[in-house]
Amino acid sequence: MGRMKILPLVLVGFLGTVSVGAQKRTAPELIALAQAHSAELRGAIEASFEAKDLKEGTAWLGRGPEFFFAVEAASAPALIIDDAAGPAMTQLPGSQLWFANAHIEPVGRLHEFHYAAAGTRFGGKLDLPAYGPLSYLQPGVPTGTLSEKITHTSKIYDGMKSDYWIYVPAQYDPRTPAAVMVFQDGGWYKDREGNIPVLNAIDNLIAQKKIPVMICIFIDPGDISGSPGTPTYSFVKAYSDKWGRTLKDSMRSTLYDTVSDRYPRFLRDEILAEVGAKYNLRKDAYSHAITGLSSGGICSFNAAWQMPELFSRVISWIGSFESIQWKEDPAIPDGGQDYSDKILREPHRNIRVWLQDGSNDLENPKYGDWPMANIRMANSLKTKEYDFHFSFGKGTHNPGHGAAEFPREMIWLWRDYDPAKTGQQFDPDPDEKNKPYFRVAIVGRDTE
């Protein structure tokens, strides 16, 4: 998963907007307390991490390559990072709390850690993102404006209410139409200091002219609960009852997991039209991108597949290319699991696609195997000579991997963009073209 180094610590800024008044601290603050041998460290650790995470060995905080680990153990645990010995743990006097500071490289990547004690492995996480500099707002970079929440009432989905936010970069000029990018599950992405700090990357990359000036739409799944008796409500309620899912979660699945043109029509005819009435947006698919994670990942691919004249650039994290909405509507023959075959058998779409997944993603008894589905997607895209990239690691169903490499994803997705053009034929990435297909190695069990 990447080489791990233990180097002298350089403390730069903070991760998260944690209230010092509540005694919660960021990784650099905890590291500074540890280096100063401060008497405040124990209280800071106990306030900064849940007791459950300390006991289970899953407590960590990070900022860039600088990480702070803490664990509760009866004897000295060994910290293992990326399958290599990490720094020695230090015990807090009079307690069973142990801690360590570590410098982990490379950044912009996902790492992993666990502990070992008395020959037994315990705790740890497979999703340890080390964010690079572009994920933190750089000095002198102008910041855009995130709107207040906007609520839209849909006609295509019979009164469903959807919340969304519009991000307008500082460089936006109403006289010049801007590119557009749509984020599914948008509320997860809009916190600069959260676990998916895309706004910082967008600001940095626009300032460096590595991506075009773009208006971003962060849209949440809709809520149909206020429209009982409508066809959409009846369908979603039946799905909710059938699978034991909440009404809101079932609405999300109906929007995101259905293989049809309904959701992209909703984006085109309602959301983009509404945003376009306020801002000067590019109309060409060449200037439109879409992204999401999990069901939002397949949703993004589906939007571009169904309407390549609307979206030509896709990023999918831990995409749910599975049978989640398969045959729920008898009028729709395909499910998400069919996309790897649809790529092979249907006409080529002029789209550029970044896929991300991990070998420890979901194995769901109802719907299927996420890692295998994403591998099949990648191999189908390769077979049909699509412009794609597949980033495959060891992670779980978690956004850490995708978020850590988001700046690289965006640079790749928008490479060679020319605002003077309205279209481009996407040919396979030269770095990918001559590489072999993705193959599976079985681990974790005996093989013959």
Side-chain angles (χ1 to χ4, degrees), residues 10-18 26 28 62-66 107-108 129-150 163-219 271-272 274-284 286-291 313 315 354 399 402-421:
V10 179
L11 303 183
V12 284
F14 300 149
L15 173 70
T17 53
V18 182
T26 62
R63 160 86 187 193
E66 315 303 341
V107 294
Y131 296 105
L134 288 172
S135 291
Y136 304 98
L137 192 66
Q138 297 300 292
V141 169
T143 59
T145 303
L146 185 69
S147 74
E148 296 296 320
K149 182 176 69 177
I150 301 166
D163 295 333
Y164 70 93
W165 298 259
I166 305 170
Y167 187 70
V168 182
Q171 296 87 344
Y172 170 70
D173 182 343
R175 297 169 296 181
T176 304
V180 180
M181 190 159 183
V182 180
F183 292 73
Q184 273 53 242
D185 292 304
W188 297 348
Y189 294 83
K190 61 187 181 66
D191 183 0
R192 285 187 183 275
E193 304 302 329
N195 294 325
I196 312 179
V198 303
L199 290 181
N200 295 331
I202 289 167
D203 283 337
N204 290 328
L205 294 172
I206 289 176
Q208 294 180 10
K209 301 187 184 306
K210 292 181 177 178
I211 63 175
V213 174
M214 66 176 65
I215 285 178
C216 298
I217 302 168
F218 298 91
I219 183 165
I271 302 303
L272 287 172
E274 191 167 276
V275 176
K278 301 175 182 177
Y279 299 98
N280 191 0
L281 306 180
R282 297 273 303 229
K283 302 297 193 294
D284 48 284
Y286 174 68
S287 304
H288 289 186
I290 186 166
T291 186
R313 304 171 194 266
I315 297 174
W354 180 291
E405 66 184 14
F406 180 73
R408 185 162 67 99
E409 297 164 4
M410 290 290 279
I411 292 169
W412 181 91
L413 193 71
W414 292 96
R415 73 188 192 280
D416 59 32
Y417 178 82
D418 183 350
K421 296 180 179 180

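All values derive from a computational prediction rather than experimental measurement.
- Atom CG of D284 sits about 12.0 Å away from atom NZ of K421, to the nearest 0.5 Å.
- Using a 4.5 Å heavy-atom threshold, the side chains of P197 and Y131 count as touching.
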Applying side chain to side chain contact (heavy atoms under 4.5 Å, CB included), run through I215 and K278 and close with a yes or a no. CA-CA 11 Å; I215 285 178; K278 301 175 182 177; over 6 Å; no
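- In this structure, H288 and W414 approach most closely via the heavy-atom pair N-CH2, 4.3 Å.
- Between the side chain of Q184 and the main chain of T291, a donor-acceptor pair closer than 3.5 Å is present.
- Atoms CE and CD1, from M181 and I315 in turn, are 4.0 Å apart once rounded to the nearest 0.5 Å.
- Using a 4.5 Å heavy-atom cutoff, the side chains of P142 and Q171 are in contact.
- Panel note: side chain K209, backbone A207; no donor-acceptor pair is recorded below 3.5 Å.
- Between N200 and S135, the shortest heavy-atom contact is ND2-O, 3.1 Å.
- For Y417 and S287, the side-chain atoms include at least one donor-acceptor pair closer than 3.5 Å.
- Summarising the geometry, atom CZ belonging to R282 is positioned 10.0 Å from atom OG1 belonging to T176; distances are rounded to the nearest 0.5 Å.
- Nearest heavy atom pair, residue D416 against residue Y286, reads O-OH, 3.6 Å.
- Considering only heavy atoms from C-beta on, Y167 comes within 4.5 Å of D203 through its side chain.
- For the pair P133 and V107, the tightest heavy-atom approach, listed with the atom from each and the gap, is CD-CG2, 4.2 Å.
- The shortest non-hydrogen separation linking L199 to K190 is CD1-O, 3.3 Å.
- Interatomic distance, CE of M214 versus CG of L205, reported as 8.5 Å (0.5 Å rounding).
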Begin with the C-alpha distance, continue with both residues' side-chain angles, and end with the deciding distance and a verdict on side chain to side chain contact (heavy atoms under 4.5 Å, CB included) for V198 and F218. CA-CA 11 Å; V198 303; F218 298 91; 4.0 Å; yes
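- For the atom pair CD1 (I202) and CG (L134), the distance works out to 12.0 Å, reported to the nearest 0.5 Å.
- For the pair R192 and Y136, the cation does not sit on the ring face, since its NZ or CZ is not both under 6.0 Å from the ring centre and inside 45° of the axis.
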Assess whether salt bridge (Lys or Arg N to Asp or Glu O under 4.0 Å) is satisfied between R408 and E405, documenting all intermediate values. CA-CA 5 Å; R408 185 162 67 99; E405 66 184 14; 3.2 Å; yes
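- Rounded to the nearest 0.5 angstrom, N204 CG and I211 CD1 are separated by 9.5 Å.
- Without hydrogens or angle criteria, Y164 side chain to I217 main chain gives no donor-acceptor distance under 3.5 Å.
- The minimum heavy-atom distance linking R415 with R313 is given by the pair O-NH1, 4.5 Å.
- Within the 3.5 Å criterion, the main-chain N or O of N280 finds a donor-acceptor partner in the side chain of Y172.
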